[in-house]
Amino acid sequence: TSGENETETEAVKIKRYSMENTNVPVISAKDLNLWYGDFKALKGISLDVGEREITALIGPSGCGKSTFLKTLNRMNDLVPNVRIEGDVRLKGEDIFAREMQLTDLRRRVGMVFQKANPFPMSIYDNITYGPKLHGVRNKAELDELVESSLRGAALWDEVKDRLKKSALGLSGGQQRRVAIAGVIAMHPDFLILDEPSAGLDPVGRREIFSRIQGWYKKGVFSVILVSHNMDDIARLATRLLVMHQGRLVLDGEPMDIFLHHRETLKECGVEAPPLTQTLLYLKEKGIPVPETARTAKEAAEKMYAVLGGGK
């Protein structure tokens, strides 16, 4: 329609994210459109997500975030009256091709939902359920998978003495980390985390964020995370995607978007991180502050240096 074309034209003005040639796309979407019946939920989504990236996806409720993410491992196949057009590839393979095995696709594109409930079985069996389905039977290998996966989810030290007890007896935050560990055990190419810090105490938040940064630095797998906590995104993400009304409207380096696209963010119902807003306010008042700081600690250190305190 003419309205859609006008929006597409406006999108040309947005600073687009440009990946380095060395960053091979893990996920590539081209002109992806999706309908629930007559309702068009995704409108011309095109992007590449490369290796060694932590990509944050934000936008108001109902903007299409969950629909887009569920398309990446074909969870939307389970929804009645869904129609999809466009191209999505995982390391060059067409995910909609007849020869694509759904069980293998969902192993390679791991997803942990915000309300991730473990199976009514032991912690150990929750972690090994997926690997066993894919043929892993050796106990020593399964034991190693359980430990490494729980360490990867920052949970090993808390549960190592009760692996045979029900996962349902854990706290909500621990149950989420069991779900994350279960996905890690499948050795995915790509990991999608919906509100990974939800339900965690401050120590748990620091631990899980440390693990996510570790995955990124080691190149274990690429991560897309959905979060409403802009401070978390500023601290963690190497790339930021902003969706609104089924479209991708901003795509770039997080601090660049938070600093230079604040009006567009407001139109999408999203605000810059509180720290960024505070620093920008102080700068407008003539106070020399580092508005690009991602954390309060970084801001304090830079201000100390500017004021003559050295490093």
Side-chain angles (χ1 to χ4, degrees), residues 15-20 22-23 49-59 151-155 157-158 173 176-177 180 191 193 195-242 250-266 268 270-311:
K15 180 179 178 181
R16 298 289 295 172
Y17 183 90
S18 178
M19 291 193 305
E20 297 178 4
T22 56
N23 199 0
V49 178
E51 295 179 337
R52 298 180 65 88
E53 285 191 349
I54 302 175
T55 302
L57 177 61
I58 64 174
R151 287 188 183 279
L155 191 58
D157 290 336
E158 297 175 41
R176 286 181 53 72
R177 282 181 283 165
I180 292 173
L191 184 59
L193 300 174
E195 299 287 357
S197 65
L200 300 183
D201 60 24
V203 173
R205 287 167 61 87
R206 284 196 300 271
E207 288 287 344
I208 199 66
F209 289 150
S210 173
R211 296 305 190 277
I212 293 172
Q213 287 178 321
W215 302 335
Y216 161 67
K217 290 176 181 177
K218 294 175 183 176
V220 179
F221 35 64
S222 297
V223 177
I224 284 187
L225 62 91
V226 177
S227 178
H228 287 90
N229 189 316
M230 297 301 114
D231 283 324
D232 290 348
I233 287 172
R235 184 184 305 115
L236 276 176
T238 61
R239 179 182 182 185
L240 179 60
L241 308 175
V242 184
L250 288 172
D251 180 354
E253 196 278 325
M255 292 311 299
D256 178 68
I257 288 177
F258 288 143
L259 290 170
H260 303 122
H261 296 277
R262 284 178 288 162
E263 288 304 315
T264 303
L265 288 175
K266 285 184 179 179
C268 297
V270 179
E271 296 279 357
L275 174 64
T276 303
Q277 294 184 53
T278 300
L279 293 174
L280 288 170
Y281 174 79
L282 293 174
K283 186 176 182 180
E284 289 171 0
K285 297 297 181 182
I287 301 172
V289 296
E291 72 275 15
T292 59
R294 292 171 178 262
T295 66
K297 181 181 178 182
E298 180 186 345
E301 289 174 348
K302 288 183 176 179
M303 289 179 69
Y304 186 62
V306 167
L307 294 173
K311 289 187 178 181

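Basis for what follows: all heavy atoms, side chains included, without hydrogens, waters or symmetry-related copies.
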*Asks:* Apply side-chain contact (heavy atoms from CB on, under 4.5 Å) to the pair T276 and T292, showing each step before the final yes or no.
*Replies:* CA-CA 7 Å; T276 303; T292 59; over 6 Å; no
*Asks:* Could you state the interatomic distance from CD (Q213) to OH (Y216), rounded to the nearest 0.5 Å?
*Replies:*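 Here the interatomic distance stands at 9.5 Å.
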*Asks:* What residues form a side-chain contact (heavy atoms from CB on, under 4.5 Å) with R205, not counting sequence neighbours?
*Replies:*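 Partners of R205 by the side-chain contact (heavy atoms from CB on, under 4.5 Å) criterion, ordered by chain and then number, come out as S197, L200, F209, N229, D232.
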*Asks:* Heavy atoms only: give me the nearest W215-G152 pair and the separation to one decimal.
*Replies:*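 Looking at all heavy atoms of both residues, the closest pair is CZ2-O, 3.2 Å.
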*Asks:* Can you tell me if R235 uses its side chain to pair, donor with acceptor, with the backbone of M230 under 3.5 Å?
*Replies:*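 Between the backbone of M230 and the side chain of R235 there is no qualifying donor-acceptor contact (under 3.5 Å).
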*Asks:* Please evaluate residues R262 and I257 with respect to the criterion side-chain contact (heavy atoms from CB on, under 4.5 Å), reporting the C-alpha separation (whole Å), side-chain torsions for both, the decisive distance (0.1 Å), and the verdict.
*Replies:* CA-CA 7 Å; R262 284 178 288 162; I257 288 177; over 6 Å; no
*Asks:* Test of understanding: with side-chain contact (heavy atoms from CB on, under 4.5 Å), list the residues that count as partners of L282, not counting sequence neighbours.
*Replies:*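 So L282 forms a side-chain contact (heavy atoms from CB on, under 4.5 Å) with T278, I287, V289.
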*Asks:* Of the non-hydrogen atoms in I208 and P196, which two are nearest, and what is the gap between them?
*Replies:*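 Taking every non-hydrogen atom into account, CG2-O, 4.4 Å.
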*Asks:* With E291, which of K283, E284, Q277 fulfils side-chain contact (heavy atoms from CB on, under 4.5 Å)?
*Replies:*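 So, applying the side-chain contact (heavy atoms from CB on, under 4.5 Å) to E291 and each of K283, E284, Q277, only K283 qualifies.
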*Asks:* Is the shortest distance from a Lys or Arg side-chain nitrogen in E253 or R294 to a carboxylate oxygen in the other one below 4.0 Å?
*Replies:*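 Salt bridge present between E253 and R294.
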*Asks:* Nearest 0.5 angstrom please: K217 NZ to I212 CD1, how far?
*Replies:*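 Reported to 0.5 Å precision, the distance equals 12.5 Å.
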*Asks:* Which pair of non-hydrogen atoms, one from S222 and one from E51, has the smallest distance, and what is that distance?
*Replies:*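 That would be OG-CA, 3.2 Å.
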*Asks:* Among residues at least two apart in sequence or on other chains, which ones pass side-chain contact (heavy atoms from CB on, under 4.5 Å) with K297?
*Replies:*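 T295, E301.
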*Asks:* I'd like to check the salt bridge (charged side-chain N to carboxylate O under 4.0 Å, His left out) partners of R177; sequence neighbours left out, ordered by chain and number.
*Replies:*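 If we apply the salt bridge (charged side-chain N to carboxylate O under 4.0 Å, His left out) test to R177, skipping adjacent residues, the hits are E158.
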*Asks:* Can you name the residues that form a side-chain contact (heavy atoms from CB on, under 4.5 Å) with L275, not counting sequence neighbours?
*Replies:*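 Applying side-chain contact (heavy atoms from CB on, under 4.5 Å) to L275 gives D231, L279.
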*Asks:* Would L241 and L250 count as a side-chain contact (heavy atoms from CB on, under 4.5 Å) if you check the C-alpha gap in whole Å, the side-chain angles of each, and the deciding distance to 0.1 Å?
*Replies:* CA-CA 6 Å; L241 308 175; L250 288 172; over 6 Å; no
*Asks:* Nearest 0.5 Å please: distance from the CG atom of L191 over to the CG atom of L225.
*Replies:*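 Rounded to the nearest 0.5 Å, the CG-CG separation comes to 9.5 Å.
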*Asks:* Which atom names give the shortest non-hydrogen contact between I58 and S227, and what distance separates them?
*Replies:*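 In terms of heavy atoms, the two residues are closest at CG2-O, 3.5 Å.
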*Asks:* Between M303 and P290, is there a side-chain heavy-atom distance shorter than 4.5 Å?
*Replies:*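 Side-chain contact under 4.5 Å: yes.
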*Asks:* Could you list the residues that satisfy salt bridge (charged side-chain N to carboxylate O under 4.0 Å, His left out) with E195, not counting sequence neighbours?
*Replies:*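 Here no residue qualifies.
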*Asks:* Check step by step if side-chain contact (heavy atoms from CB on, under 4.5 Å) holds for L259 and L280.
*Replies:* CA-CA 8 Å; L259 290 170; L280 288 170; 3.8 Å; yes
*Asks:* Here's a test for you: under side-chain contact (heavy atoms from CB on, under 4.5 Å), which of I54, T55, L57 qualifies with R239?
*Replies:*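 In the set I54, T55, L57, the residue that makes a side-chain contact (heavy atoms from CB on, under 4.5 Å) with R239 is T55.
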*Asks:* L193 versus I180: any side-chain heavy-atom pair under 4.5 Å?
*Replies:*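 Contact flag for L193/I180 side chains = yes.
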